[in-house]
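Below is one structure; the comments refer to it alone.
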Number of protein chains: 2
Amino acid sequence: MGLTKNEIFNDQQNQIALFAKVFGHPARVAILQHLFKINACVCGDLVNEIGLAQPTISQHLKELKQLGLVKGNVEGTSVCYCIHEENWNIMKTVMSEFLNQDLTHKQECC
Amino acid sequence: MGLTKNEIFNDQQNQIALFAKVFGHPARVAILQHLFKINACVCGDLVNEIGLAQPTISQHLKELKQLGLVKGNVEGTSVCYCIHEENWNIMKTVMSEFLNQDLTHKQECC
DNA sequence: TTACTCTATCGCAATATTACGATTAATAGC
DNA sequence: GCTATTAATCGTAATATTGCGATAGAGTAA
């Protein structure tokens, strides 16, 4: 109890859930939007941009990196983050397939 | 601590996160996929289809209903669930806008 | 009414997530 | 070496999520 039973779902379902979970927090949404907007890489600016403490931002970035959606380059004392384009596109394919499902027949009830 | 600081994010970011959070569990992904596949409405079959206990399925359905992605019709002793098409399309618009962001300029680092 | 079926809700235990202060590690500049 | 700057990690508190047994509620059928 308390832990998700991943083993009873298939790989595709688990992958969709993993991607969705990382988007399930507004801070990570905001981080990604900022990385898209500032097309050059962004470092510690994220802490100023988003109103959360540095350890919290660092933790969110870690999750984004673990899923491969963001990559970070060390540049002196600071770290430069940006969108991992190829992986973002892979994610987009997976999520789009899920979101664009169609109801082949119209419903008769409801 | 321990609670998401929604107030520091804008409505769009919070809405994306809300939609994403509901997709952030494979059981809810599986429920939605099944509802799409069985284009007629589905009732307690979900409990058999997915390997979780009835209270657990009921709870996941509740969350999907609260977000408006699923609607339920009482039919005798059972309840008939189906995708709420209009709301699903609204959600798709919101999520697509987020997923289809573009990097206007290519990155120089990373 | 009684018995049965199906779904929702309650209550709890286990686990996960969020946030941040304090600290550590790594680099840059002197 | 020392100091300043930046980011990662540790540790912990607060809250949220997941799952299910037990129970309640609502409808059907006899």
Side-chain angles (χ1 to χ4, degrees), chain A residues 1-9 13-14 17-31 34-35 41-67 70-82 109-110, chain B residues 1-9 13-14 17-31 34-35 41-67 70-82 109-110:
Chain A
M1 309 134 191
L3 90 170
T4 300
K5 294 188 164 180
N6 296 305
E7 67 278 7
I8 67 172
F9 304 104
Q13 289 162 340
N14 281 314
L18 274 181
F19 282 134
K21 195 184 278 179
V22 93
F23 299 143
H25 193 289
R28 290 189 290 264
V29 171
I31 288 172
H34 193 69
L35 288 180
C41 295
V42 173
C43 316
D45 312 337
L46 284 164
V47 177
N48 301 317
E49 188 67 25
I50 299 162
L52 292 172
Q54 180 267 320
T56 310
I57 297 290
S58 187
Q59 201 174 304
H60 285 306
L61 281 167
K62 190 181 176 187
E63 292 178 63
L64 290 168
K65 269 192 292 183
Q66 271 170 349
L67 260 188
V70 156
K71 48 186 171 178
N73 248 23
V74 179
E75 297 211 338
T77 55
S78 58
V79 179
C80 179
Y81 289 103
C82 43
C109 60
C110 296
Chain B
M1 309 136 190
L3 90 168
T4 300
K5 293 187 163 179
N6 296 303
E7 66 279 7
I8 68 172
F9 305 104
Q13 290 162 341
N14 280 313
L18 275 180
F19 281 135
K21 195 184 280 179
V22 93
F23 298 143
H25 193 289
R28 291 188 289 265
V29 171
I31 287 172
H34 193 69
L35 287 180
C41 294
V42 174
C43 316
D45 312 338
L46 284 165
V47 177
N48 300 318
E49 189 66 26
I50 300 163
L52 292 171
Q54 181 268 322
T56 308
I57 297 289
S58 186
Q59 200 174 304
H60 285 307
L61 282 167
K62 190 181 176 186
E63 291 178 64
L64 291 168
K65 269 191 292 183
Q66 271 171 348
L67 260 189
V70 156
K71 47 186 171 179
N73 248 25
V74 178
E75 297 211 339
T77 56
S78 58
V79 179
C80 179
Y81 289 104
C82 43
C109 60
C110 295

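In the text below, chain A, chain B and the rest are named by the order of the sequence lines, each starting its count at 1. Scope of the values below: all heavy atoms of this structure, side chains included, with no hydrogens, waters or symmetry mates.
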**Request:** Tell me which residues in residues 22-29 of chain B put a heavy atom below 4.0 Å from DNA chain D, sorted by number, or none.
**Result:** B:His25, B:Arg28

**Request:** Starting at atom NE2 of B:His60, determine the distance to atom P of D:dT17, rounded to an integer number of angstrom.
**Result:** 12 Å

**Asked** Just wondering, do B:Leu46 and B:His34 contact through their side chains at under 4.5 Å, heavy atoms?
**Response** yes

**Asked** In whole Å, what is the span from the CD atom of B:Glu75 to the C1' atom of C:dA8?
**Response** 17 Å

**Request:** Select one nucleotide: of C:dA19, D:dG19, C:dT17, the one nearest the side-chain heavy atoms of B:Thr4.
**Result:** C:dA19

**Request:** Report the residues that fulfil side-chain hydrogen bond (donor to acceptor under 3.5 Å, both in side chains) with A:Glu63, sequence neighbours left out, ordered by chain and then residue number.
**Result:** A:Arg28

**Message:** According to side chain to side chain contact (heavy atoms under 4.5 Å, CB included), who are the partners of B:Leu18, at least two apart in sequence or on a separate chain?
**Reply:** none

**Item:** Qualifying residues under side chain to side chain contact (heavy atoms under 4.5 Å, CB included), relative to A:Lys65, sequence neighbours excluded
**Value:** A:Val70, A:Tyr81

**Request:** State whether A:Lys65 places a side-chain N or O below 4.0 Å from either non-bridging phosphate oxygen (OP1 or OP2) of D:dA8.
**Result:** yes

**Asked** Would you find a donor on one side and an acceptor on the other, under 3.5 Å apart, between the side chain of B:Asn14 and the backbone of B:Asn6?
**Response** yes

**Asked** Any idea how A:Phe9 and B:His25 line up, ring-wise: parallel (<30°), tilted (30 to 60°), or perpendicular (>60°)?
**Response** perpendicular

**Message:** If you only use heavy atoms from C-beta on, which nucleotide in D:dT28, D:dC20, D:dA8 is closest to the side chain of B:Thr77?
**Reply:** D:dT28

**Prompt:** When the distance from CG of B:Asp45 to P of C:dT5 is rounded to whole Å, what number comes out?
**Reply:** 16 Å

**Prompt:** If you check the B:Ser58 side chain, which of C:dT27, C:dT9, D:dT28 turns out closest?
**Reply:** C:dT9

**Prompt:** More 5' along DNA chain C: B:Gln59 or B:Gly44, using each one's nearest nucleotide?
**Reply:** B:Gly44

**Request:** Could you identify which residues of residues 49-57 of chain A place a heavy atom less than 4.0 Å from some atom of DNA chain C, listed by residue number, or say none?
**Result:** A:Leu52, A:Ala53, A:Pro55, A:Thr56

**Request:** Provide, to the nearest angstrom, the distance between the CG atom belonging to A:Asn48 and the C1' atom belonging to D:dA7.
**Result:** 14 Å

**Request:** Would you please confirm or rule out a distance under 4.0 Å between OP1 or OP2 of D:dA7 and any side-chain N or O of A:Lys62?
**Result:** no

**Request:** Sequence neighbours left out, what passes side chain to side chain contact (heavy atoms under 4.5 Å, CB included) with A:Ser58? Give chain and number order.
**Result:** A:Gln54

**Prompt:** Below 4.0 angstrom from OP1 or OP2 of C:dC6, is there any side-chain N or O of B:Tyr81?
**Reply:** no

**Item:** Atom-to-atom span, CG of B:Leu61 to C1' of C:dC6 - whole angstrom
**Value:** 13 Å

**Message:** Expressed as a whole number of angstroms, how long is the span from A:Lys71:NZ to D:dA7:P?
**Reply:** 19 Å

**Fill in**
Taken to the nearest 0.5 Å, the spacing of A:Thr4 OG1 from A:Lys21 NZ works out to 5.0 Å

**Interatomic spacing from CG in B:Leu61 to OG1 in B:Thr56 - rounded to 0.5 Å** = 11.0 Å

**Request:** Report the distance from atom CD1 of B:Ile8 to atom P of C:dC20, rounded to the nearest whole Å.
**Result:** 8 Å

**Request:** Any chance you could measure A:Ile50, atom CD1, to B:Ile8, atom CD1, to the nearest 0.5 Å?
**Result:** 7.5 Å

**Prompt:** Quick one: B:Glu63 CD to C:dT9 C1', roughly how many Å, whole number?
**Reply:** 14 Å

**Prompt:** Looking at A:Lys21, does any N or O in its side chain come under 4.0 Å of the phosphate oxygens OP1/OP2 on D:dT17?
**Reply:** no

